[in-house]
Amino acid sequence: MLIQLVFLVIFAAALSVVWRRATQNVISRREAFAWSALWIAAAGIILLPQTTTVVAHFFGIGRGADFILYGAVILLFVLVFKLFIALDSMERKLTEFVRRDALKDFDKN
Amino acid sequence: MKVVAVIPAYSEGPRIEKTVMSVRTYVPEVVVVDDGSTDDTFERAKRAGARVVRHALNRGQGAGLRTGTEAALLLGAEIIVHVDADGQHDPSFIPSLIAPIEQGSADIVFGSRFLGEAPQGMPLVRRGLLSAARVFNALVMGIPRRVTDPQSGMRAMNRAAAKALEFRQDRMAHCSEILRLATRSTLRWVEVPIRVHYTEYSLAKGQKSFDALKIAWQLFLGIFAD
C-alpha cells in the first residue's frame, strides 16, 4: 500500500541521517543504536500492523490502530499542557520584568 | 501608623480621579498602578494627588496589586489597603478595614460583601457564582468555609503580611490565591463588612460569568508554575 511505502521511505531516510550523524561524531554510537531501534521498530509496525493489536489487547483495547490513536491523543494533550505551563512561566517572568522596570525610579518621583 | 492605599488601574481615565480623591479622604497617601493603560489614567491619577507607577505592558490586576504593594513598602507603609479603581468599593469602610490591624488583633483584614452590608445592585447570577466560588475555594483550594466572600478585592494588611504573602497570580485569580496564602499561614486574618456599589460600568468592565472558569484554570496552571 502507498501509505506503507511513504512511511518506510521516511523511516529509511531517518535511519540514514542517524548513521551519518554518528559517523560525523555528532551523536554517540549508543545514541545511534537507540534511534535505529526506534525507527526499525516503527518500520516493523508499518510492515506488520497486527503486532500493535497484541499491545492493544494488553491494555484492554480492541484494535492496534485505536491504541495508536489513543496514544497520540494522550501525547498531544501532554505536549499542549506543557506548552501552557511554559507560556504561564514566561508570562510570570515578563510581569517580573515589567514590575522591576516600573519600580526602578519610584523613589525619585 | 503610616497607611498607603494601592489602586491598580487599567484604562480608568474617566473614573480614576474621583476614586483617588474619595480614597484620599480616608488615606492621604495613594499609590496608583497604571497597568499599561491606553488612555490618560497616568496623568489623571497624578493630578488627583496619587503617586503613580506605570507598567509598560498590561499585566493584569493581580500583577498591578503586587507592584503597588511593593511600591507601598518602599514608601515605608505600615498598613497597605487594596482598593479597586472603578469606584465600586465604598472608601468609607477603609477605617473599619484597618482598625483590627491598628488594634493589633489582625495581620490581614478582608472586606466582605456578605457580612451585613447589603451589596447594592449585585445581580442574582453574580450572587450564585460567588456561592459556587465559595464551595470551590473550600473543596479545591482548602480555604476555610468561614470566609464569606471568595472574591473580595478590598483588603488591608500590615507590613509583615505584605512581605509574607507572595501572590503570583497576575490576573483575576489573585483573590483566591491571597485568601489561600493568608488562611494557611500563621498570619491572623479577619473579615469585616464592606459595601460595594455595582454600576452598569463596573459590571461591564468587571468579571464576567465565564471568568469563573478562567480563574479555576489559572489557579490550576499556577500549581505547576515554577
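Letters go in sequence order (proteins before strands), and every chain restarts at 1.
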Is any side-chain heavy atom of B:Thr67 closer than 4.5 Å to a side-chain heavy atom of B:Pro8? no
Check residues 53-70 of chain A and write down every donor-acceptor pair under 3.5 Å in which the side-chain atom is one partner and the other belongs to a residue at least two apart or another chain.
from: A:Thr53; atom 1: OG1; to: A:Gln50; atom 2: O; distance (Å): 3.2
from: A:His57; atom 1: NE2; to: A:Gly62; atom 2: O; distance (Å): 3.2
from: A:Arg63; atom 1: NE; to: A:Asp66; atom 2: OD2; distance (Å): 3.4
from: A:Arg63; atom 1: NH2; to: A:Asp66; atom 2: OD1; distance (Å): 3.1

Chain A contact via B:Val33 - which portion, at a heavy-atom distance below 4.5 Å: neither
Chain A shares the most heavy-atom pairs under 4.5 Å, among B:Asp170, B:Val31, B:Asp34, B:Leu75, with B:Asp170
Is the shortest distance from a Lys or Arg side-chain nitrogen in A:Glu96 or A:Arg92 to a carboxylate oxygen in the other one below 4.0 Å? no
Show me the donor-acceptor pairs within less than 3.5 Å that the side chains of residues 3-12 of chain A make with the rest of the protein, sequence neighbours left out.
from: A:Gln4; atom 1: NE2; to: A:Ile46; atom 2: O; distance (Å): 2.7

So, the part of A:Phe81 with a heavy atom under 4.5 Å from chain B: the answer is side chain
